[in-house]
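What follows is a short report on a single structure.
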Amino acid sequence: MVSMGRPIEPLTQRPVLAPGVPATDLFPRESWARAIARGGRLASGRKVEDDPLGWKPLRLAIADHIGPSRGVVCDPDQIMIVDGARCAIELILKLLTDPGDRAWLEDPGYTEARQAILHNGVKVVPVPCDREGLMVAQGERMAPSARLAYVTPAHQYPSGIVMSAKRRLDLLAWADRNAAWIIEDDYDGEFRHRGTLTATLASIDRSHRVIHLGTFSKSMFPALRLAYLVLPPKLVDPAAALRFALSGHTGVTAQRGLAEFIISGQFAAHVRAMRQAYGQRQQALLTALDLHFSDTILIGPDDTGLHMTGKFAAHITEAKIADALKRSGVGAKPLSAYFADPNYGVPGLVLGYAGWSEKALSEGVRKLASALAN
Ligand SMILES: Cc1ncc(COP(=O)(O)O)c(C=O)c1O
């Protein structure tokens, strides 16, 4: 039986240094609560809006935002609102692949994308990454006629590499030649700390092979479960039909709340403020790593995002890393876990810095260093 009057428990906070956690402590809760309340008032009592592409004013607001911020110029009717990036990846796999097909995945890569590919009976082709990102020529040797490639060009997950302009062009040329599709997962591309922004694949795709994917999990918070796809024109109708058949559409209240948040300018202001805060938090993490690890850990590219990687300079066993993480209680992840074959992975850590104060980050690093030393 439901007990009345029991307070709803707060959402649990992830342990310090866990990758992928934005700054919920700095989130503008009051203005978000007002936007959501307004979205709820508008949504209730009206005819159910059952557009599988999502609520049109939100799609318009996203189109207006990603034009200038990501160079993705599109018609709002190419945008589909989905329940998070993982829902988007699942939908695209169902739409474009058959069991037995092959899909390129960056190695190391996003574990949840790998799982979604495997669940759909598609064979994962783990394409290695070097300093320029996914090694397209290698992918062509391994599986030239793969049906699609899943990539994170703005900030390779988890290594942090920004894909070079040449590799972007090579990847697009491969997709064009083979009538293959590219999922461009732009999960944290808005949080560039330094250097110039590189053009998104979608902004330079002349052959309509790129499906651009954006999520509000980093720019807002992951529990929101709102993301969007920018579909090439010829995929819009089949994707909408599939979405309608699978789950109808995304909840309208949250969509209306988010539209209100974006249109009022609060979203852009929040992203701007977080870009600055994440820059400071990253600096605090770098300082703490320097203090407690000095040159025993080599930091990966750190120009973008909410996390970075650290590779151990000397050999250290995976068992020792796992044990230190457990004993210290910090949420960093072993880098090897992201490789197709963890036995060949590089010993290191994936360190999230966006979600914690500078003091908490420094304390987390101290605990981790002490657990590794003992
Ligand atoms: C590479 C990558 N893509 C997407 C996401 C976000 O997924 P979702 O929108 O399902 O929360 C994450 C979250 O950590 C991620 O690491």
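The first residue of the sequence shown is numbered 1, and numbering continues consecutively from there. No hydrogens, no waters, no symmetry mates; every other heavy atom, side chains included, goes into these values. As the structure is a computational prediction, the values presented were derived from the model and not from experiment. Every number for a ligand or one of its atoms is a count from 1 in the order of the listing.
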So Tyr187 and Tyr110, ring pair (Phe, Tyr, Trp, His ring centres under 6.0 Å) or not? Walk me through it. CA-CA 11 Å; Tyr187 65 106; Tyr110 183 38; 7.3 Å; no
Going from OG on Ser145 to CG on Asp101, what distance comes out if it is rounded to the nearest 0.5 angstrom? 9.0 Å
All side-chain contact (heavy atoms from CB on, under 4.5 Å) counterparts of Arg209, not counting sequence neighbours: Ala175, Ala179, Trp181, Asp205, Ser207, Lys234
Residues 364-374 vs side-chain hydrogen bond (donor to acceptor under 3.5 Å, both in side chains), sequence neighbours excluded, gives Glu363-Arg366
Counting the benzene-type ring for Trp, do Phe191 and His155 have ring centres under 6.0 Å apart? no
Cluster membership besides Met142, Ile/Leu/Val/Met/Phe/Trp/Tyr side chains within less than 4.5 angstrom, sorted by chain and number, is Trp104, Val125, Val127, Leu134, Val136, Val151, Met163, Leu169, Leu171, Leu172, Trp174, Ile182, Leu201, Ile204, Val210
Which parts of the protein, at residue level, reach under 4.0 Å of ligand 1 through a heavy atom? Gly84, Ala85, Arg86, Tyr110, Tyr150, Tyr157, Asp185, Tyr187, Thr215, Ser217, Lys218, Arg225
